[in-house]
Undergrad: 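Sending over a structure as structure tokens; questions will come in a sec.
Values below: every heavy atom of this structure, side chains too, minus hydrogens, waters and symmetry copies. Numbers for residues simply follow the sequence, beginning at 1.
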Amino acid sequence: RGSRGQQGPADPSEHSEVLKMAFSKILVPTDGSEYTKAAVVKAMELAKLTGGTVTALYVLDQTILTNMPMDTAVMNVYNTLEKEGKEAVDFVRDLGAKENVPVELSIKEGTPVKVILDESPNYDVIVMGTLGRTGMSKLLMGSVAERVVRASSCPVMVVRSTEAAN
């Protein structure tokens, strides 16, 4: 029986010290959809446990704009995406304020997978939902989460939203 006490730290607070070291910088990619909100909530829970900071990342997806001629219609789409991005990261900021979790905001242009992977070395963990792509778009693009999991420089936690299960 005496040797059993040697399995873990004697002081339970040592576990939280390990957590704090392991996951203090948390990246949460969001597109503002219900699919990513469950991941935002999990990222907040993790940040509260670890004393970490959450960075909300919205990627202004340029693949949507590549096949369109540059005119006012494209600018309207771009402005709509930019507004959607601001709303998506503001949701994370507001939840962070409510939960007393520090939040940084980031809106970048590019393709979601590439931008997330480029950012991954700067973080301890990525917490992401399944981005709200469905049908043909998902079939052609593949799952953003799946591609990030395969190539990320840091661990990735994928959170399935209850909305996605329906």
Undergrad: Is the shortest side-chain heavy-atom distance between D61 and D31 below 4.5 Å?
TA: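 Sidechains of D31 and D61: no contact.
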Undergrad: Where is the tightest heavy-atom contact between G129 and A145, given as atom of each residue plus distance?
TA: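 Reported closest heavy-atom pair: O-CB, 4.0 Å.
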Undergrad: Do E45 and K48 meet the salt-bridge criterion of a basic N to acidic O distance under 4.0 Å?
TA: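 No, this pair does not count.
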Undergrad: Compare all side-chain heavy atoms of K108 with those of S106 and state whether any distance is below 4.5 angstrom.
TA: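 Contact flag for K108/S106 side chains = yes.
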Undergrad: Of all residues at least two apart in sequence or in a different chain, which pass the side chain to side chain contact (heavy atoms under 4.5 Å, CB included) check with N122?
TA: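 Partners of N122 by the side chain to side chain contact (heavy atoms under 4.5 Å, CB included) criterion, ordered by chain and then number, come out as E119.
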Undergrad: Are S120 and I126 packed together at the side-chain level, in the sense that at least one heavy-atom pair is separated by less than 4.5 angstrom?
TA: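 Answer yes - side chains close enough.
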Undergrad: Residues two or more places apart in sequence or in another chain: which of them pass side chain to side chain contact (heavy atoms under 4.5 Å, CB included) with E87?
TA: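 Partners of E87 under the side chain to side chain contact (heavy atoms under 4.5 Å, CB included) test: K83.
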Undergrad: Contact between Y123 and T55 at the side-chain level, heavy atoms closer than 4.5 Å - yes or no?
TA: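 With C-beta onward as the side chain, the pair touches.
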Undergrad: Taking all atoms of both residues into account, what is the closest heavy-atom pair of P29 and V127, and its distance?
TA: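 Minimum heavy-atom contact is CD-O, 3.5 Å.
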Undergrad: Of all the heavy-atom pairs spanning V144 and P112, show the shortest one and how long it is.
TA: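 In this case the closest contact between V144 and P112 is CG1-CB, 4.3 Å.
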Undergrad: With a 4.5 Å cut-off on side-chain heavy atoms, are L105 and D90 touching?
TA: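 When only atoms from C-beta onward are counted, L105 and D90 do touch, with a gap below 4.5 Å.
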Undergrad: Got E82 and I107 here, is their nearest side-chain heavy-atom distance under 4.5 Å?
TA: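 A side-chain contact under 4.5 Å is absent here.
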Undergrad: Any chance you could measure I26, atom CD1, to L49, atom CG, to the nearest 0.5 Å?
TA: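 One gets 9.0 Å once the value is rounded to the nearest 0.5 Å.
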Undergrad: Sort out for me which residue in D124, T53, T50 forms a side-chain hydrogen bond (donor to acceptor under 3.5 Å, both in side chains) with S24.
TA: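 Only match with S24 under side-chain hydrogen bond (donor to acceptor under 3.5 Å, both in side chains): D124.
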Undergrad: Check whether any side-chain heavy atom of L117 lies under 4.5 Å from a side-chain heavy atom of S152, and answer yes or no.
TA: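 When only atoms from C-beta onward are counted, S152 and L117 do touch, with a gap below 4.5 Å.
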Undergrad: With a cut-off of 6.0 Å (strictly less than), are more than 12 heavy atoms of other residues, nucleotides or ligands near CG of N100?
TA: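 No, not enclosed.
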Undergrad: Are any of the side-chain nitrogens in K114 or D118 under 4.0 Å away from the carboxylate oxygens of its partner?
TA: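 The answer is yes: the pair qualifies as a salt bridge.
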Undergrad: Work out which heavy atom in E109 is nearest to a heavy atom in V59; give both atom names and the distance.
TA: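 Looking at all heavy atoms of both residues, the shortest contact is C-CG1, 4.5 Å.
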Undergrad: Could you tell me if the side chain of M128 sits less than 4.5 Å from the side chain of L27, heavy atoms only?
TA: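 Of all side-chain heavy-atom pairs linking M128 with L27, none is under 4.5 Å.
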Undergrad: Of all the heavy-atom pairs spanning V89 and A56, show the shortest one and how long it is.
TA: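 The pair with the smallest heavy-atom distance is CG1-O, 3.7 Å.
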Undergrad: For the CD atom of E34 and the NZ atom of K37, what is their distance to the nearest 0.5 Å?
TA: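 The distance works out to 4.5 Å.
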